[in-house]
Protein chains: 2
Amino acid sequence: MIQNSRKTKQRDAVHAVLEHADHPLSVAELFEAASKHIDGLGVATVYRAVSALLSEGWIEAVEIPGEPVRYERSDKGHHHHFQCEKCDRVFDLSGCVENLRTLVPPKFRVSSHAVTLFGTCATCAR
Amino acid sequence: MIQNSRKTKQRDAVHAVLEHADHPLSVAELFEAASKHIDGLGVATVYRAVSALLSEGWIEAVEIPGEPVRYERSDKGHHHHFQCEKCDRVFDLSGCVENLRTLVPPKFRVSSHAVTLFGTCATCAR
DNA sequence: GTCGTTGCAAAGCGTTTGCAGCCTA
DNA sequence: TAGGCTGCAAACGCTTTGCAACGAC
């Protein structure tokens, strides 16, 4: 029997929060959001739910230098991120950069890349 | 009295390792390398030496998603990094990408950016 | 009734801090 | 000698794990 996965209100809650999130969320944020719906929810459960969703491939880790790992649905296609230095929120960016290959020395093979921009978001810029 | 900084063999050792490093080093790597010269060196000392060098501005943090922070001399100018997925080593890249500003929505201001490429280095590609 | 899931608490792990003794300057 | 620096160990913050009770199927 291949790995089963049961439907529980805890997992549903974590799933739902990520489902409707418009930006990547950290475990702490997930925990806080999901706790509003589930009484007595434990952090460990959130970690386990996240691991499950990761290995299912339904979410992906968004790792930003110097920041806790965040997670977002993996059905968003290739994109990068922007972090506001004022409010710390992380935004999805569409589009990508080119000519990355020209940066590396000969014989190096590039298989993937990460681009993170930092600055001030529209809200904080006002 | 402004903050003094004394010359000790521990700090010298950490300084020297970073001085001659051709790629960014993690605290663990620094500790290992410096320990070869200093008997009984403590990790805490390495952390403190790194903090001191950071606030002096002599080194900078190189943060690669999902990796421990590494450090390198800050006199290298603007550049990005490449991490080999086989050997985990991090290489400096020269050059930079353009049109980053076009990725962000209107009203967003970009102040800095990080680009990390992943793939296989020349040595591991063979 | 099974056995995957949960909450709690303990254990890990990497980093930081408190402290008494050490050693630069 | 003064006070910054060091090593050790305890403290931290975040993540993982062990375990008995719980509950999905």
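Throughout, a chain's letter reflects where its sequence line sits, starting with A, and its residues are numbered from 1. Owing to the predicted nature of the structure, the values given are computational and were not obtained by experimental measurement. Below, each value reflects all heavy atoms present in this structure, side chains not excepted, and no hydrogens, waters or symmetry copies.
- For the residue pair B:Glu72 / B:His81, a side-chain donor-acceptor distance below 3.5 Å is found, with atom types taken as modelled.
- At whole-Å resolution of the value, CG in A:Leu41 and C1' in C:dT5 are 12 Å apart.
- Close to D:dG7, at under 4.0 Å from its OP1 or OP2, lies a side-chain N or O of B:Gln10.
- Considering only the side chain of B:Arg48, D:dT6 comes nearest among D:dT6, C:dC23, C:dC3.
- Between the C1' atom of C:dT16 and the CG atom of B:Leu54 lies a distance of 14 Å, rounded to the nearest Å.
- In this entry the distance linking CG of A:Asp12 with C1' of C:dT5 reads 13 Å, nearest Å.
- Between A:Thr8 and D:dG23 there is no side-chain N or O to OP1 or OP2 distance below 4.0 Å.
- Heavy-atom neighbours of B:Glu85 CD from other residues, nucleotides or ligands within 6.0 Å: above the threshold of 12.
- Under the 4.5 Å side-chain heavy-atom criterion for Ile, Leu, Val, Met, Phe, Trp and Tyr, B:Val27 and B:Val17 are members of the same hydrophobic cluster.
- Within 6.0 Å of CG in B:Asp75 there are more than 12 heavy atoms belonging to other residues, nucleotides or ligands.
- The number of heavy-atom neighbours closer than 6.0 Å to CZ of A:Arg109, taken from other residues, nucleotides and ligands shown, is 12 or below.
- Between the CD1 atom of B:Ile38 and the P atom of D:dC5 there is a distance of 15 Å, given to the nearest Å.
- Residue contacts for B:Arg11: at a heavy-atom cut-off of 4.0 Å it reaches the sugar-phosphate backbone alone, with no base atom in range.
- Nucleotide C:dG14 holds its P atom 14 Å from the CD atom of B:Glu32, rounded to whole Å.
- At whole-Å resolution of the value, NZ in A:Lys9 and C1' in D:dA24 are 11 Å apart.
- Taking atom CG of residue A:Asp39 and atom C1' of nucleotide C:dG7, one finds them 12 Å apart after rounding to whole Å.
- Between B:Val43 and A:Ala44, the residue anchored nearer the 5' end of DNA chain C, judged by the nucleotide with its closest heavy atom, is A:Ala44.
- Note: CZ (B:Phe31) to C1' (C:dG14) measures 13 Å, nearest angstrom.
- Nearest to the side chain of A:Thr45, among D:dC5, D:dG23, C:dG7, sits C:dG7.
- Considering only the side chain of B:Arg6, D:dG4 comes nearest among D:dT6, C:dT5, D:dG4.
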